[in-house]
Novice: 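Mind looking over this structure? Questions follow.
Positions are given from 1 along the sequence.
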Amino acid sequence: GTVYSDTAVLIPRQTAINNNANSSDFTGTTRDTNKWGINDFNEGAGRFTKNDKLIYSTQGNPTGNDDVFRVWHGQALPYNQDWAVQTDVYLPNLGLALNAEVGVELFVTHQVDDGALATMGLEYKRTASGTERKFNALMEGDHNDVREVHASTASTNATVRLRWDATQKKFHYEYDADGPANGSSWTLLESKSVDGGASNWKMNESSSFIVMIGFWSKNHGIATTDNVWVDNFKIAELPKITGQPLPQTVGVDGNATFSV
């Protein structure tokens, strides 16, 4: 006979675990398999193409559940060190029909438990009352939603970031509403711990995280010419202030150096 399973996501285990700075600007049209592996996870009509950006489109007839995810293979990120992961996103105003939706998200999941998930993204939809555009922060534990927070926006070109605080065992969900323009200016949407209650991811000092980029859409075809994309993916170690600077007396036109 034939046995069918539910949807399964198979991700190769990443053995390099560190918070070293790393990036991908998606230059050219050839996939960087060292950083992004050789395969994407596709469901329905969702597809990626690369042309100096990572571009989302649908192939064939759109459905009510089209998506595509690409896993970062450069490294897993440590539970016991601070880091941040971010990407620029572009989600223009599209001619959406009623009940159509499009979204882009950064995903971070426990390397050994895909039911533990944090996402930060931008979504756009049309309901009976009109179009809605918002930043979205989500956390799942044991495949169940435990927290979801939204912030309405007019932004089409933004930067989204997930920042991990190893001391507090907490994710900070952040966005820069005008993206790469005008430097970085982060707005905190939500903070959520993974260390207790329904959001307990059951991690320890040797645990690690996997990062993915994903798009999803419902009931709307997306062409590559619609320019729905991500770019300038970055991972960075975050410095911490370890001590207060000591007072110094400086004369007129003098200089002082502080250590923190």
Novice: Under 4.5 Å between any side-chain heavy atoms of Asn93 and Arg133, yes or no?
Specialist: yes
Novice: Between Gln14 and Pro12 (side chain of the first, backbone of the second, donor and acceptor by atom type, cut-off under 3.5 Å), is there such a pair?
Specialist: yes
Novice: Are the side chains of Tyr56 and Ser217 in contact, using a 4.5 Å heavy-atom criterion?
Specialist: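 Yes - at least one pair of side-chain heavy atoms lies under 4.5 Å apart.
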Novice: Can you tell if the side chain of Ile235 reaches within under 4.5 Å of the side chain of Trp72, non-hydrogen atoms only?
Specialist: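 The answer is yes; the side chains approach within 4.5 Å.
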Novice: What do the steps show when you test Asn22 against Gln75 for side-chain hydrogen bond (donor to acceptor under 3.5 Å, both in side chains), and what is the final call?
Specialist: CA-CA 9 Å; Asn22 215 329; Gln75 74 230 69; 3.2 Å; yes
Novice: Would you say Val104 ends up clustered with Leu94 if hydrophobic residues are merged whenever their side chains have heavy atoms under 4.5 Å apart, either directly or through other cluster members?
Specialist: yes
Novice: Hey, could you give me the OG1/CG distance between Thr58 and Asp67, rounded to the nearest 0.5 Å?
Specialist: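 The CG atom of Asp67 is 12.0 Å from OG1 of Thr58, to the nearest 0.5 Å.
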Novice: Could you walk me through whether Thr156 and Leu91 pass side-chain contact (heavy atoms from CB on, under 4.5 Å), step by step?
Specialist: CA-CA 5 Å; Thr156 57; Leu91 183 56; 5.8 Å; no
Novice: If hydrophobic clusters are built by linking Ile, Leu, Val, Met, Phe, Trp and Tyr wherever their side-chain heavy atoms come under 4.5 Å apart, do Val160 and Ile55 end up in the same one?
Specialist: no
Novice: Is there a donor-acceptor contact under 3.5 Å from the side chain of Arg47 to the main chain of Gln59?
Specialist: no
Novice: Partners of Lys134 by salt bridge (Lys or Arg N to Asp or Glu O under 4.0 Å), sequence neighbours excluded?
Specialist: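 By the salt bridge (Lys or Arg N to Asp or Glu O under 4.0 Å) rule, Lys134 matches Glu123, Glu132.
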Novice: Is there side-chain contact between Val108 and Met120, with at least one heavy-atom pair below 4.5 Å?
Specialist: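 When only atoms from C-beta onward are counted, Met120 and Val108 do not touch, as no gap falls below 4.5 Å.
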Novice: Quick one: pull up CG in Asp82 and CG in Asp165 and give me the separation to the nearest 0.5 Å.
Specialist: 5.0 Å
Novice: Check the pair Tyr79, His110 against side-chain contact (heavy atoms from CB on, under 4.5 Å), reporting the backbone distance first and the verdict last.
Specialist: CA-CA 9 Å; Tyr79 174 81; His110 188 339; over 6 Å; no
Novice: Can you confirm if the aromatic rings of Trp36 and Phe233 lie within a centre distance of less than 6.0 Å?
Specialist: yes
Novice: Any side-chain to backbone donor/acceptor pair from Trp201 onto Glu140? Under 3.5 Å, distance only.
Specialist: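 Answer holds: yes.
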Novice: Do the side chains of Phe41 and Ile222 join up, straight or via other hydrophobic residues, at under 4.5 Å, putting them in one cluster?
Specialist: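 No, separate clusters.
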Novice: Give a yes or no on whether the backbone of Ser24 and the side-chain of Lys234 come within a donor-acceptor separation of less than 3.5 Å.
Specialist: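 No.
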Novice: Can you tell if the side chain of Asn136 reaches within under 4.5 Å of the side chain of Glu148, non-hydrogen atoms only?
Specialist: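 SC-SC contact between Asn136 and Glu148 confirmed.
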Novice: To check you understand the geometry: which heavy-atom pair defines the closest contact between Ala166 and Asn80, and what is its length?
Specialist: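 Ala166 and Asn80 have their closest heavy atoms at CB-C, 3.6 Å.
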Novice: State, to 0.1 Å, how close Ala151 and Tyr175 come at their nearest heavy-atom pair, and which atoms those are.
Specialist: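 Scanning both residues, the minimum pair turns out to be CB-OH, 4.0 Å.
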Novice: Flag the pair Asp176 / Thr187 as yes when at least one side-chain heavy-atom distance between them is below 4.5 Å, and no otherwise.
Specialist: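 Contact flag for Asp176/Thr187 side chains = no.
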Novice: Quick check: closest heavy atoms across His220 and Ala100, and the distance to 0.1 Å?
Specialist: CB-CB, 3.9 Å
Novice: With clusters defined by side-chain heavy atoms of hydrophobic residues (ILVMFWY) lying less than 4.5 Å apart, directly or transitively, does Ile17 cluster with Trp83?
Specialist: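 No, because Trp83 and Ile17 fall into different hydrophobic clusters, even though each may have its own neighbours under 4.5 Å.
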Novice: Within this structure, what is the CG-CE distance for the pair Asp145 and Met139, rounded to the nearest 0.5 Å?
Specialist: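 Reported to 0.5 Å precision, the distance equals 11.5 Å.
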Novice: Looking at Ile38, I want to see if its CD1 is surrounded by more than 12 non-hydrogen atoms of other residues, nucleotides or ligands under 6.0 Å.
Specialist: no
Novice: Asp66 and Trp216: side-chain contact (heavy atoms from CB on, under 4.5 Å), yes or no, with the steps?
Specialist: CA-CA 6 Å; Asp66 298 323; Trp216 52 267; over 6 Å; no
Novice: Are Arg31 and Asp40 packed together at the side-chain level, in the sense that at least one heavy-atom pair is separated by less than 4.5 angstrom?
Specialist: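 Side-chain contact under 4.5 Å: yes.
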Novice: Among Phe48, Phe107, Phe215, exactly one meets ring pair (Phe, Tyr, Trp, His ring centres under 6.0 Å) together with Phe69. Which residue is that?
Specialist: Phe107
Novice: Surrounding CG of Asn61 (heavy atoms of other residues, nucleotides or ligands, distance under 6.0 Å), is the total greater than 12?
Specialist: no
Novice: Is there a side-chain hydrogen bond (donor to acceptor under 3.5 Å, both in side chains) between Ser208 and Gln111? Walk through the geometry before answering.
Specialist: CA-CA 6 Å; Ser208 57; Gln111 173 144 230; 2.8 Å; yes
Novice: Are a donor atom and an acceptor atom from the side chains of Ser206 and Asn204 found within less than 3.5 Å of each other?
Specialist: yes
Novice: Please confirm whether the ring centroid of Trp164 lies under 6.0 Å from the ring centroid of Phe171.
Specialist: yes
Novice: Do you see a donor-acceptor pair shorter than 3.5 Å between the side chains of Asn232 and Asp88?
Specialist: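 The criterion, which ignores hydrogens and geometry beyond distance, is satisfied for Asp88 and Asn232.
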Novice: Please give me the minimum heavy-atom distance between Ala177 and Ser155, naming the atom from each residue.
Specialist: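 Residues Ala177 and Ser155, closest heavy atoms: O-OG, 2.6 Å.
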Novice: If you take the centroid of each ring, where Trp contributes its six-membered ring, are Phe26 and Trp229 closer together than 6.0 Å?
Specialist: no
Novice: Could you state the interatomic distance from NZ (Lys170) to CZ (Arg163), rounded to the nearest 0.5 Å?
Specialist: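 It is 10.5 Å, given to the nearest 0.5 Å.
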Novice: Do the side chain of Lys35 and the main chain of Ser23 share a donor and acceptor less than 3.5 angstrom apart?
Specialist: yes
Novice: Quick one: pull up CD in Glu174 and CZ in Arg161 and give me the separation to the nearest 0.5 Å.
Specialist: 4.0 Å
Novice: Compare every heavy atom of Asn18 with every heavy atom of Leu77, then report the nearest pair and how far apart it is.
Specialist: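 For Leu77 and Asn18, the tightest heavy-atom pair comes out as CD2-O, 3.4 Å.
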Novice: Which atoms form the tightest heavy-atom contact between Tyr173 and Ala118, and what is the distance?
Specialist: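 Residues Tyr173 and Ala118, closest heavy atoms: OH-CB, 3.5 Å.
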Novice: Using a cut-off of 6.0 Å, state whether more than 12 heavy atoms not belonging to Lys53 lie near its atom NZ.
Specialist: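 Counting other residues, nucleotides and ligands, NZ of Lys53 exceeds 12 neighbours.
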Novice: Just wondering, do Pro180 and Thr159 contact through their side chains at under 4.5 Å, heavy atoms?
Specialist: yes
Novice: Report yes or no: do Val68 and Ile213 belong to one cluster of Ile/Leu/Val/Met/Phe/Trp/Tyr joined by side chain heavy-atom distances under 4.5 Å?
Specialist: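 Linked within one cluster.
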Novice: Is it true that Ser193 and Asp195 share a donor-acceptor pair across their side chains at a distance under 3.5 Å?
Specialist: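 There is no such pair (donor and acceptor under 3.5 Å, judged by atom type) between the side chains of Asp195 and Ser193.
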Novice: Nearest 0.5 angstrom please: Glu105 CD to Thr87 OG1, how far?
Specialist: 12.5 Å
Novice: Show, in sequence, the C-alpha distance, side-chain angles and deciding distance for Glu237 and Gln81, and conclude whether the side-chain contact (heavy atoms from CB on, under 4.5 Å) test is met.
Specialist: CA-CA 8 Å; Glu237 177 185 1; Gln81 293 176 284; 5.5 Å; no
